[in-house]
Amino acid sequence: MIETTLLKNRYKEVFGSEPDLLAKSPGRINIIGEHTDYNEGFVLPTAIDKAIYVAVGKREDQEIHLYAEDFNEKYSIDLADLAITDKGWPNYILGVVDQLQKLDLPLSGFNLYLDGDVPLGAGLSSSAAVECATGFTLNELFSFGLKRVDIAKIGQLAEHTYAGVKCGIMDQFASVLSKEGHVLRLDCRTLEYEYVPLELGAYEIVLLNTNVKHSLASSAYNKRRELCEQGVAWVKEKHSDVNSLRDITVDMLDELVKDRDVDTYTKCKYVVEENIRLDKACEALKKGDIEELGKQLFLAHAALSDEYEVSCEELDFLVDFVKDIPEVVGARMMGGGFGGCTINIVKKGFGQQLADAIAPAYKTKFNLELDPIFVKADGGSQLLK
C-alpha cells in the first residue's frame with residue numbers, strides 16, 4: 001500500500017502544486033476460467049490489495065504532463081498532438097485519453113503522477129490497473145458521468161489501440177468493478193456479472209511467481225484464437241445459431257470437429273470444459289466447499305498444460321510440487337501462460353513455509369528465484385482521501 005501523504009508530497013515535488021484528486025485501481029487475480037474470455041465464455045476474477053495509485057490535477061492549458069515513479073521519468077504532450085509514443089509506459093494513459101477524446105468529452109490539460117505496488121510481469125494486470133486508474137480519475141476530475149462499466153471498456157480499447165494488445169475485458173472489469181471479499185462471475189459475451197462471496201475459511205491465496213515470461217506467449221495466443229475460431233466455423237456449418245465456443249457442447253465437437261483436426265478439437269474441448277469447471281468452482285464457493293474448489297483448480301491446470309498447451313516447465317514444476325502437500329488444496333497456472341504465477345489455495349499461515357520449501361528445489365532446477373506474493377480480494381477503483 002502507498003500512503004496518500006507520500007502521493008501528495010511526490011506530486012507536489014514533481015509538479016509544484018497540490019493535486020486535485022488521489023485514486024487507486026487494483027491489479028487482479030483470476031480464480032479459474034483462462035482463455036475463455038475471447039471465446040465469449042465466463043471468468044472468475046477479483047481485484048487484489050495491490051494497486052496502481054495516481055494523483056491528478058487540472059492545468060490551465062491543453063497539455064498533459066505525466067510522471068511515472070517506477071521509471072523516474074516525465075512525459076508531456078499537447079492534447080491536440082496525441083499519438084502513440086515509443087517510450088511504452090505513457091501509452092496506457094494516452095490510450096485512455098484518446099478514447100475520451102473520441103467520445104467528445106470536455107477534456108483539458110492535466111498533470112498525472114503514477115506509482116504502484118502491483119508486481120510487474122507477474123500476470124497481475126498492472127497495465128489494466130494503469131488504464132482504469134486513469135479513466136476512473138479523469139472521470140472524477142472532469143465530472144464526465146461515466147459508469148464503471150464504461151471505464152472498463154475504455155481501458156480495454158486503450159490497450160487494443162495504444163498498447164497493441166487485443167486483450168479481453170476481464171482485467172479492466174475486475175480492476176474497476178470488484179467488490180471486497182468477492183469474486184466476479186463475469187459473462188464475457190453480455191458483460192452481465194454476479195458477485196460470489198470468496199470466503200475461504202481456513203485457507204488463503206498465495207501466488208508463486210516463476211519470474212519467467214517465455215517469448216512464444218503472443219504467437220501461441222494468436223494460434224489458439226485461430227483454432228477456436230476454426231472449430232466454431234466447422235460446427236456452424238451444421239448449427240447456424242452457433243456464434244462461439246460458448247454455444248457448443250463436447251458432443252458437437254465429437255461429431256463435427258474431431259475427425260477433421262485433432263488439435264482444433266482438443267483446443268476447443270478445453271474451452272468448453274473450462275466453462276463447466278468454472279460453474280463447479282462457483283457452486284463450491286457458494287457452499288463453502290474449498291476442497292472441491294481446489295480440485296477444479298488442479299483439473300484446470302492439467303487441461304491448460306496438456307490440452308491447451310499454454311503452460312511451461314516452470315509452471316508445471318510448481319503445480320506438481322504442491323500436489324501431494326496436504327496443506328495445499330488446489331493450484332494452477334494463472335493468466336495467459338508461458339510464465340507468470342501459479343495461484344495456490346493454502347492453509348492459512350502456511351504460505352511462507354510452502355514458498356521456503358519449494359524455492360531451493362526451484363532454484364536448483366531452473367537457476368531462478370521463486371517469489372511468493374500474498375494477496376487478498378479487494379474492491380475496485382476508488383478515490384483516496
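Every heavy atom of this structure was used, including side-chain atoms; hydrogens, water molecules and symmetry mates were not. This structure is a prediction, so every number in the text was calculated from the model and none was measured.
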Hey, mind stepping through Lys269 and Glu273 against salt bridge (Lys or Arg N to Asp or Glu O under 4.0 Å) and telling me if it holds?
CA-CA 6 Å; Lys269 179 172 162 287; Glu273 291 182 337; 3.4 Å; yes

Check the pair Tyr162, Tyr92 against ring pair (Phe, Tyr, Trp, His ring centres under 6.0 Å), reporting the backbone distance first and the verdict last.
CA-CA 7 Å; Tyr162 267 59; Tyr92 297 100; over 10 Å; no

How far does [atom1] of [X] sit from [atom2] of [Y], to the nearest 0.5 angstrom?
X      : Y      : atom1 : atom2 : answer
Met334 : Leu297 : CE    : CG    : 10.5 Å
Ile276 : Thr249 : CD1   : OG1   : 9.0 Å
Gln353 : Ile358 : CD    : CD1   : 11.5 Å
Leu184 : Ser178 : CG    : OG    : 4.5 Å
Lys385 : Leu383 : NZ    : CG    : 8.5 Å
Leu107 : Ile64  : CG    : CD1   : 6.5 Å

Do you see a donor-acceptor pair shorter than 3.5 Å between the side chains of [X] and [Y]?
X      : Y      : value
Gln230 : Glu226 : no
Asp263 : Thr266 : no
His65  : Glu63  : yes
Asn111 : Arg59  : yes
Asn9   : Glu13  : no

Under 4.5 Å between any side-chain heavy atoms of [X] and [Y], yes or no?
X      : Y      : value
Leu285 : Leu198 : yes
Leu103 : Ile154 : yes
Val212 : Leu368 : yes
Phe144 : Pro106 : yes
Asp98  : Lys102 : yes
Val97  : Phe110 : yes
Ile93  : Tyr75  : no
Gln101 : Leu82  : yes

Test applied, side-chain contact (heavy atoms from CB on, under 4.5 Å); reference residue, Leu293; option that passes from Ile32, Ile31, Val329:
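Exactly one candidate clears the test, Ile31.
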
Can you classify the ring geometry of Phe317 versus Tyr362 as parallel (below 30°), tilted (30 to 60°) or perpendicular (above 60°)?
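Phe317 vs Tyr362 ring planes: tilted.
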
Just say parallel, tilted or perpendicular for the rings of Tyr38 and Tyr221, cut-offs at 30° and 60°.
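Taking Tyr221 first and then Tyr38, their aromatic rings stand perpendicular (interplane angle over 60°).
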
Under-4.0 Å salt bridge between [X] and [Y]:
X      : Y      : answer
Arg10  : Glu69  : yes
Asp171 : Arg28  : yes
Glu291 : Lys295 : no
Arg260 : Glu237 : yes
Lys236 : Glu229 : no
Glu314 : Lys365 : no
Asp247 : Arg189 : yes
Glu73  : Lys87  : yes

Restricting to non-hydrogen atoms, name the atom on [X] and the atom on [Y] that form the minimum distance, rounded to 0.1 Å.
X      : Y      : result
Ala128 : Glu159 : N-OE1, 4.3 Å
Pro19  : Lys8   : CG-CG, 4.0 Å
Arg332 : Ala300 : CD-CB, 4.0 Å

Have a look at His301 and tell me which of Thr342, Asp316, Asp306, Asp320 forms a side-chain hydrogen bond (donor to acceptor under 3.5 Å, both in side chains) with it.
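Only one option passes, and that is Asp316.
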
Let me know which of Arg224, Lys267, Lys223 forms a side-chain hydrogen bond (donor to acceptor under 3.5 Å, both in side chains) with Glu309.
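Checked Arg224, Lys267, Lys223 against Glu309; only one passes side-chain hydrogen bond (donor to acceptor under 3.5 Å, both in side chains): Lys267.
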
Think Arg185 forms a cation-pi with Tyr195, using NZ or CZ under 6.0 Å from the six-ring centre and within 45 degrees of its axis?
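No, Arg185 does not lie over the aromatic ring of Tyr195.
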
Lys/Arg cation over aromatic Tyr203: Lys348, 6.0 Å, 45° cone:
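Here Lys348 fails the 6.0 Å and 45° test against Tyr203.
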
[X], [atom1] atom: more than 12 neighbouring heavy atoms under 6.0 Å:
X      : atom1 : result
Lys376 : NZ    : no
Lys147 : NZ    : no
Glu60  : CD    : no

Does the pair Cys341 and Ile373 meet the rule for a side chain to side chain contact (heavy atoms under 4.5 Å, CB included), with working shown?
CA-CA 9 Å; Cys341 294; Ile373 304 170; 4.2 Å; yes

Kindly say whether His35 contributes a backbone atom to a donor-acceptor pair with the side chain of Asn39 at under 3.5 angstrom?
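Yes; at least one donor-acceptor contact below 3.5 Å.
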
Would you say the side-chain atoms of Thr36 pair up with the backbone N or O of Phe42, donor to acceptor, closer than 3.5 Å?
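Indeed, once roles are kept as given, a pair shorter than 3.5 Å links the two residues.
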
When Ile, Leu, Val, Met, Phe, Trp and Tyr are grouped by side-chain heavy atoms lying under 4.5 Å apart, directly or through other members, which residues fall in the same group as Phe15?
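Cluster partners of Phe15: Met1, Ile2, Leu6, Leu7, Tyr11, Val14, Leu22, Tyr53, Tyr67, Tyr113, Leu384.
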
Output, in order, the C-alpha distance, side-chain angles, deciding distance and verdict of salt bridge (Lys or Arg N to Asp or Glu O under 4.0 Å) for Glu292 and Lys280.
CA-CA 8 Å; Glu292 176 61 26; Lys280 287 181 178 174; over 6 Å; no

